[in-house]
Number of protein chains: 2
Amino acid sequence: MFNSKTMDNKEKQNKECQILIAAEQEFLTKGYDGARTTSIAKAAGVTHAMLHYYFRTKEQLFERIVDEKFATMSHSMFAIMGDPSLPIVERIKGGISAHFDFVAENPLLPRFIINEIVTRPEHYEVLYKRISLIIETIFHDLQFEVNRAAERGEMERVDVKMILISIMSMNIFTFLAYPFMEPLMGELMADRDKFLAARKAENIETIMKRIKKQ
Amino acid sequence: MFNSKTMDNKEKQNKECQILIAAEQEFLTKGYDGARTTSIAKAAGVTHAMLHYYFRTKEQLFERIVDEKFATMSHSMFAIMGDPSLPIVERIKGGISAHFDFVAENPLLPRFIINEIVTRPEHYEVLYKRISLIIETIFHDLQFEVNRAAERGEMERVDVKMILISIMSMNIFTFLAYPFMEPLMGELMADRDKFLAARKAENIETIMKRIKKQ
DNA sequence: ATATTGTTTAACAATTTTGTTAATACAAAA
DNA sequence: TTTTGTATTAACAAAATTGTTAAACAATAT
């Protein structure tokens, strides 16, 4: 009675929130086309009319998820930049590690983002303009540091963009293709945590050797 | 009149073939859920009833494409093994190059395969058992050769599976994430062919340094 | 010529999926 | 207590998509 107001607010937030949680799961695993609003509603424990009541259309609900996921992805891009206060080689090492951990915590994200970009590139042009400027600046800074370190003979003078693509490739592909590789790799991947730790170490080792002074 | 027979045979093969070509394009770019049989029929220049006449259901048409694409993918796996008559380091170098070229010729394939495996793993269990034994054997052979070369001091004693995962990661990710990276990388990717050549060289260089004797 | 077989079309049927609406309940505020 | 706005449900509507069928048509063989 006296707390029915708060209860209802909670319930309301709960339903809207449950729908978002269910929608995230559904869209990330099945994509926009494979997702069903009825399936999302069912997973959220509400009637499908409620889903439309809160989010109007499938498209709008999807936008909500996409926005959040693109924000998350931006963070992963920043993780790869590493800690600017460290010496450059350590910074890159830390960047690889942080990026790997980030992707490990969001293993469904890369496939979702890539599928979105490939299937509807025009949707994301605006979003892209924003972050590409920032990225460009960070590339520039990193390259400057690399060049200085190279002149001091601490590492090879490498193209930062190429190195970052290699890092992203190896870190992301680990999770992107996990279900594909798992049945092919036998004992190596039997213990998931052990494999991921080994993979992370391998990625760091590979890049470290790539940038090491000969 | 007199050539109507041959014309019609041609036309028939043409229609069935046109549908397959259109279906391949549609399924590879949009996936099973995003693909529309009407859209495929339209692209093939036939009524959608014809599509059902030749392939009965969307599912069966899809199976045809999937089978062909999985076969293609198997070939790419073999390309990465390189030429057994070469010394092991050259063999690996050649394998990276051949694999890169293979993926370059089938740039839509990796995303398609990964999406399939992730969204319907149970569908491919049978298919997997077949190739995993072959793969295991090849891994074993390669590892044997690597071990011998390492004992002769020609290279570092590395885990072949890890190296192959790294190669696949870097080669495949290049094409998988191309639309994602292109707007972020500025001049580097302005000329696609130039970028791909540079990327191929970078992948080879990275792996060569990884397996090189310290 | 005629029967047979396979091809093609147009119209239709069935199903799935998204989205809407009218009726209802219910709490909060006036 | 009336009013107002929000939440909820169930039933319905609309659209898209896949799949079917009957009949027309063409090719080939008998």
Side-chain angles (χ1 to χ4, degrees), chain A residues 1-66 116 119-120 123, chain B residues 1-66 116 119-120 123:
Chain A
M1 282 296 181
F2 66 98
N3 66 345
S4 62
K5 172 174 65 180
T6 54
M7 266 301 283
D8 261 10
N9 272 336
K10 242 192 221 170
E11 283 301 321
K12 182 223 150 172
Q13 287 209 349
N14 224 1
K15 289 207 173 175
E16 193 169 342
C17 188
Q18 297 287 356
I19 294 171
L20 280 170
I21 290 169
E24 175 176 328
Q25 175 67 14
E26 179 96 353
F27 283 131
L28 278 177
T29 53
K30 304 186 186 170
Y32 182 82
D33 293 316
R36 298 286 168 252
T37 53
T38 46
S39 166
I40 292 169
K42 198 175 172 187
V46 302
T47 63
H48 89 275
M50 285 309 295
L51 184 146
H52 290 289
Y53 174 72
Y54 281 117
F55 300 99
R56 199 71 184 170
T57 65
K58 180 184 181 181
E59 187 70 32
Q60 278 184 48
L61 177 56
F62 185 68
E63 293 286 311
R64 273 286 283 274
I65 304 298
V66 163
E116 270 313 293
T119 56
R120 343 184 169 181
H123 260 243
Chain B
M1 281 295 181
F2 67 97
N3 67 347
S4 62
K5 173 174 64 181
T6 53
M7 267 300 284
D8 261 12
N9 273 336
K10 241 192 221 168
E11 284 299 322
K12 181 222 151 173
Q13 287 210 349
N14 225 358
K15 289 206 172 173
E16 194 171 342
C17 187
Q18 298 287 355
I19 293 171
L20 280 170
I21 291 168
E24 176 177 328
Q25 174 67 15
E26 179 96 354
F27 283 131
L28 279 176
T29 53
K30 304 186 186 170
Y32 181 81
D33 293 316
R36 297 286 167 250
T37 53
T38 48
S39 165
I40 292 169
K42 198 175 172 187
V46 303
T47 64
H48 87 277
M50 285 308 295
L51 184 146
H52 289 288
Y53 173 72
Y54 281 116
F55 301 98
R56 199 71 182 172
T57 67
K58 180 183 181 182
E59 187 71 31
Q60 279 184 45
L61 176 57
F62 185 67
E63 293 286 312
R64 273 287 284 273
I65 304 299
V66 163
E116 270 311 295
T119 55
R120 338 183 171 183
H123 260 244

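Naming convention: chains lettered A, B, ... in sequence-line order (proteins, then strands); numbering from 1 in each chain.
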Between B:Gln25 and B:Lys30, is the side chain to side chain contact (heavy atoms under 4.5 Å, CB included) condition met? List the steps. CA-CA 8 Å; B:Gln25 174 67 15; B:Lys30 304 186 186 170; over 6 Å; no
Whole-Å gap separating [atom2] ([N]) and [atom1] ([X]):
X       : N      : atom1 : atom2 : result
A:Met50 : D:dA11 : CE    : P     : 17 Å
A:Lys15 : D:dT6  : NZ    : P     : 17 Å
B:Phe55 : D:dT18 : CZ    : P     : 15 Å

Kindly state which residues belonging to residues 21-29 of chain A come within less than 4.0 angstrom of DNA chain C, counting heavy atoms of the residue only, listed by number.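 Hits under 4.0 Å, by residue number: none.
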Working for side chain to side chain contact (heavy atoms under 4.5 Å, CB included), residues A:Glu63 and A:Glu59: CA-CA 6 Å; A:Glu63 293 286 311; A:Glu59 187 70 32; 3.4 Å; yes
Please find the pair of heavy atoms, one from B:Thr37 and one from B:Leu51, that lie closest to each other, and give the distance.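 Smallest heavy-atom distance, with atoms named: O-CD1, 3.6 Å.
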Closest non-hydrogen atom pair, B:Gly34 against A:Asp33: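 That closest heavy-atom pairing would be CA-OD2, 3.3 Å.
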So, is B:Thr47 near the phosphate of C:dT9, with a side-chain N or O under 4.0 Å from OP1 or OP2?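 Yes, such a contact exists.
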Taking distance alone, no hydrogens or angles, what donor-acceptor pairs closer than 3.5 Å link side-chain atoms of residues 42-50 of chain B to residues at least two apart or in another chain?
none

Checking A:Glu24 now: which residues fulfil side-chain contact (heavy atoms from CB on, under 4.5 Å) with it, not counting sequence neighbours?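 With sequence neighbours excluded, A:Glu24 shows a side-chain contact (heavy atoms from CB on, under 4.5 Å) to A:Leu28, A:Ile65, A:Glu68, A:Lys69, given in chain and number order.
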Stepwise side chain to side chain contact (heavy atoms under 4.5 Å, CB included) test for B:Phe62 and B:Glu116: CA-CA 11 Å; B:Phe62 185 67; B:Glu116 270 311 295; 3.3 Å; yes
Residues in ring pair (Phe, Tyr, Trp, His ring centres under 6.0 Å) contact with A:Phe55, at least two apart in sequence or another chain: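 Once residues adjacent in sequence are excluded, A:Phe55 has no partner under the ring pair (Phe, Tyr, Trp, His ring centres under 6.0 Å) criterion.
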Taking the six-membered ring of B:Tyr32 as reference, does the NZ or CZ atom of B:Arg120 fall below 6.0 Å from its centre and within a 45° cone about the axis?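 Here B:Arg120 passes the 6.0 Å and 45° test against B:Tyr32.
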Give me, pair by pair, the N or O atoms of the protein and of nucleotides 22-25 of chain D that are less than 3.5 Å apart, along with how far apart they are.
none

Each nucleotide in nucleotides 15-22 of chain C should get exactly one letter: B, S or -. Can you fill that in based on protein heavy atoms under 4.0 Å? --SBBB--
Show your working on side chain to side chain contact (heavy atoms under 4.5 Å, CB included) between B:Phe27 and B:Leu61 and close with a plain yes or no. CA-CA 10 Å; B:Phe27 283 131; B:Leu61 176 57; 4.1 Å; yes
